[in-house]
Protein chains: 2
Amino acid sequence: MDNRNSKTEQKRRVTLEDVARDAGLSRSTVSLVLRGSSAPSQRAVNAVFGSIQRLGYVYNRTAANLRTQTTHTIGLIIPNIENRFFAEFTVSAELELDRAEQTVILAHTSESVARQQKAIAMMLEHNVDGILICPAPNTRRVNVQPLIQSAKPVVCVSRRMPGGPWRYVAQDNVTGSRMAVEHLVQLGHKRIAFVGVYPNTSAYHERLSGFREGMVRAGIAVDERIVFPGENSFEGGFRTAPRLCALADRPTAVCCFNDMTALGFMKGLESCGLLPGVDIAVVGFDDILEAAVWQPSLSTVRSRASVVGCEAARTLMRAIAEEATPDEEILVAVDLVVRRSSGSSPVSAAEQS
Amino acid sequence: MDNRNSKTEQKRRVTLEDVARDAGLSRSTVSLVLRGSSAPSQRAVNAVFGSIQRLGYVYNRTAANLRTQTTHTIGLIIPNIENRFFAEFTVSAELELDRAEQTVILAHTSESVARQQKAIAMMLEHNVDGILICPAPNTRRVNVQPLIQSAKPVVCVSRRMPGGPWRYVAQDNVTGSRMAVEHLVQLGHKRIAFVGVYPNTSAYHERLSGFREGMVRAGIAVDERIVFPGENSFEGGFRTAPRLCALADRPTAVCCFNDMTALGFMKGLESCGLLPGVDIAVVGFDDILEAAVWQPSLSTVRSRASVVGCEAARTLMRAIAEEATPDEEILVAVDLVVRRSSGSSPVSAAEQS
DNA sequence: CTCCCTGCTTAGATCGATCTAATTAATCGA
DNA sequence: TCGATTAATTAGATCGATCTAAGCAGGGAG
């Protein structure tokens, strides 16, 4: 007669108490069963699972969170998930965290420090057990002050962050860039440009310093006029190409900050009437999916985002278990993938033109 | 003398109680201030914020969650975030949810029903306020039974799900495919193939039925031999091309399930010695970033993932506020982007070969 | 002076788990 | 049969907010 199943009348959630009553046991015993303790008798275990099935009980983690002060929840702060590196990173980190029975809270900052601050505050309110963060450019110490104060386990990914020491997991940018230079030098190139400058992230500084290091080792002076500013994007690379082509003493080879920049740069070269891989050797960084299938295919430094994601997740789990020092660093090895875009030697290129 | 700041001795969290004591008020009043109630006096408000600042208080949402039975948390279940559509969707949904002061819990299923089931269970345990889900292929009613029982607000994105009625937000697949066909028909094509069959998702069925609809309207019979099975991916498209090229009565145009398939297909055409956009017209679906910059640039149906993300988030918020019916549907309009890959008419292509 | 507002404040119950400390039941050796 | 030991169970406090229902001033009307 009374319509208790109306829209506003929300039916009470089934609780441990209900299960206990149904199973003829106490709340405590049921709780022990749920957590897989060896204490309860087989009879009790059976009774509990029977009741859970019968009543449709759903474990209420929010209640446990309050009592245990641990939420089995990890904050993941990503600056730009449309960047394939971070997409791949996210997938593998999520997978690894899921294996460790952790839930992922996601925040996307779009490279904005303000959104990042909000994300950090929100995650601390949710009392996450730890945080994986790839900091936005221009992140200052003051922007992460709440993180520091919280003393929660944190792992920085792919970019360093002020206010540390922080745990740090990233691809080996310095070695990678150096390998790219060494590859070009081996092909006989001497005049090598660097394209794609996005200051204020450590990845940029590291890749550029790896570039310099390679040049120095090869005994070549770095000509600062052919270290090209510009955004790290397809557009950025595209717009840089004509400026490079216009130079009197045109470089014979180019290291790009990343693959998207390199692809745009190659496209720009073509619209200047130059053939990448023939007239100018081009090397990228990341090895995104498109690198292999582009025309010409792109020689690049492969940074394995999924390995970075997995290692970052594991490092965080160890940090939570207090098995990792606060300044631990993992550099994931990179390797050079030689394809067509770096194919030509400068000599053959000169012959051709 | 006593080293209370040791590693194991974790300092007690600052609570509302502490703030109340410091401000000389009761817990209740402080709580009212925090929630922006108009009841407390200005004096009280100032005192509370002063104490919060001084003590470094961080709001504990897990405690509030337990009492209010609302977590301000949304579950986001994504099958494949490396797919650009979902990456873009995720960014805009997250942004919109953040605006509504909601926190996003992310789960990535990698198109696996098993992982999806685990994700749903986990989210229900965390007592999310609502769920955005793009179901994995082959999702059956039994796989989402817990979702049904929970009676929580759910919005399906981009793919339909059994066990409904469910709210549904997606790009208009049927119209989009039909527009692609109409475009090709207008160019004079009569023999049009469909490439990229990934059954068991509604998006596939809808795009294929839009294709059929377009053909029927143009008075062209669909030749089932040139509806090509194969995975929806670069690889899938690539492998389909030679099979299509080998046909005696080769199609003059191709509709691809999505852009990645189309790009792979075009690459495959080239390795068969055919020029996409010259020998065969190709149209994709999605308008991913690469479509515009590919060689040749890809004609495609633009489905605005960010609009879908935004609409899905809003629909869910309305559902939570009980302002949306359980079977609400939003189809986001698509539009045709004509580029070079569909450039040629079948006549000029015939002349050329 | 009493009664009733209104504006501000608060004590104490509550959400649903976990944890501590203790109790009860079962087993065993002497 | 008894005390000791182990196995199984449980009552009640606890986590940190919110919410309910009520209390306490101070002012204005009757």
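We name chains A, B, ... by the order of the sequence lines, and we start the count at 1 in each one.
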- Message: Base, sugar-phosphate or nothing for B/L25? Non-hydrogen atoms, less than 4.0 Å.
- Response: sugar-phosphate
- Task: Could you label the plane-to-plane angle of the A/F85 and A/F89 rings as parallel, tilted or perpendicular, counting under 30° as parallel and over 60° as perpendicular?
- Result: parallel
- Sub-4.5 Å side-chain heavy-atom contact between B/V48 and B/L34: yes
- Quick one: label A/S41 by what it contacts on the DNA or RNA (base, sugar-phosphate, nothing), any heavy atom closer than 4.0 Å. sugar-phosphate
- Item | Nearest heavy atoms of A/H126 and B/T103, plus distance in Å | NE2-OG1, 3.0 Å
- Please name the pair of heavy atoms, one in B/P137 and one in B/V113, separated by the smallest distance, quoted to 0.1 Å. O-CG2, 3.3 Å
- Under 4.0 Å between any heavy atoms, over every strand shown, what does A/T68 touch: base, sugar-phosphate, or nothing? Just pick one. sugar-phosphate
- Message: Under 4.0 Å between a side-chain nitrogen and a carboxylate oxygen: does that hold for A/K152 and A/D129?
- Response: no
- Message: Students often get this wrong, so: under 4.0 angstrom with heavy atoms, is A/T15 touching a base, only sugar-phosphate, or nothing?
- Response: sugar-phosphate
- Task: With DNA chain C as reference, determine whether A/R67 or B/R27 sits nearer its 5' end, using the nearest nucleotide of each.
- Result: B/R27
- Query: Should A/R160 and A/E329 count as an ion pair when the cut-off is N to O under 4.0 Å?
  - Reply: yes
- Considering only heavy atoms of chain B and a distance under 4.0 Å, specify the first and last nucleotide of DNA chain D in 5' to 3' order that meet this criterion. D/dG16 to D/dC19
- Message: Without decimals, in angstroms, what is the distance between A/R43 CZ and C/dA25 P?
- Response: 13 Å
- Query: Rounded to the nearest Å, what distance is computed from the CG atom of residue A/L32 to the C1' atom of nucleotide C/dT20?
  - Reply: 12 Å
